[in-house]
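Down below is the structure, laid out as structure tokens.
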Amino acid sequence: MKLKRFPNLVRCCWFGLNYLFRERISHLPITTVQYTVLRTLYDSQSKKLNQKDLAILIATNKNNLSAIIKRLELLGYIELIQNPHDKRENIIKITSKGEDIYQISKEKAIELQTEISMGMESADQTAMSEYLERINSKIQCLQKDDKRF
């Protein structure tokens with residue numbers, strides 16, 4: 001594989017996965033990005049996440065996340081709890097209704113992941129995940145060094 005094709009391959013994978021997942025959950029009252037927010041909140045329940053923390057975890061910025069948070073709150077999937085130590089900050093918590101819709105959509109995500117990885121050896125799946133984690137780590141380091149981020 002030519003290295004210069006790498007960005008295109010990653011982009012194609014992401015768009016393809018996002019499209020397929022969007023199709024799988026189209027009958028549910030949730031979008032793929034809302035699923036990502038709920039998954040992150042569900043996985044981080046022991047932590048007190050504010051909008052800035054959540055934005056970092058899902059690789060977006062606070063402004064992009066603002067509308068998503070408002071919509072999820074309107075749907076009753078999350079609640080905003082004022083931080084008792086800093087009244088300007090809200091802690092974002094997933095509600096039981098949010099957990100329910102997350103679990104339903106998670107089943108679809110797992111089905112898709114299973115279909116995509118069919119025929120791949122377990123070692124190949126592990127290696128792919130490790131490569132992506134290393135790439136992600138490098139990207140995060142570069143972003144920290146870049147004053148625009």
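Not a single salt bridge (Lys or Arg N to Asp or Glu O under 4.0 Å) links R134 to another residue, sequence neighbours left out. Every residue two or more places apart in sequence or in another chain was checked for a salt bridge (Lys or Arg N to Asp or Glu O under 4.0 Å) with R39, and none qualifies. Under the side-chain hydrogen bond (donor to acceptor under 3.5 Å, both in side chains) criterion, N18 pairs with T32, not counting sequence neighbours. The salt bridge (Lys or Arg N to Asp or Glu O under 4.0 Å) search around E130 returns none, not counting sequence neighbours. Not a single side-chain hydrogen bond (donor to acceptor under 3.5 Å, both in side chains) links T40 to another residue, sequence neighbours left out.
Hydrophobic cluster of I56: no remaining members, since no ILVMFWY side chain lies below 4.5 Å from it. Here M120 sits in one hydrophobic cluster together with M128, L132; the rule is ILVMFWY side chains under 4.5 Å apart, joined directly or through other members.
Residue pairs meeting the ring pair (Phe, Tyr, Trp, His ring centres under 6.0 Å) criterion with at least one member in residues 53-89, sequence neighbours excluded, do not occur. The side chain to side chain donor-acceptor pair (under 3.5 Å) analysis of residues 115-127, with sequence neighbours excluded, yields the pairs R24-E115. For residues 71-86, the set of pairs meeting the salt bridge (Lys or Arg N to Asp or Glu O under 4.0 Å) definition, not counting sequence neighbours, comprises D86-R88. Listed by first then second residue, pairs satisfying ring pair (Phe, Tyr, Trp, His ring centres under 6.0 Å) with a partner in residues 38-65 read Y42-Y102, not counting sequence neighbours. Residue pairs meeting the ring pair (Phe, Tyr, Trp, His ring centres under 6.0 Å) criterion with at least one member in residues 14-33, sequence neighbours excluded: F21-Y35.
Scanning both residues, I101 and L38, for their nearest heavy atoms gives CG2-CD1, 3.6 Å.
Applying side-chain contact (heavy atoms from CB on, under 4.5 Å) to I68 and the options I58, T31, V37 leaves one that passes, V37.
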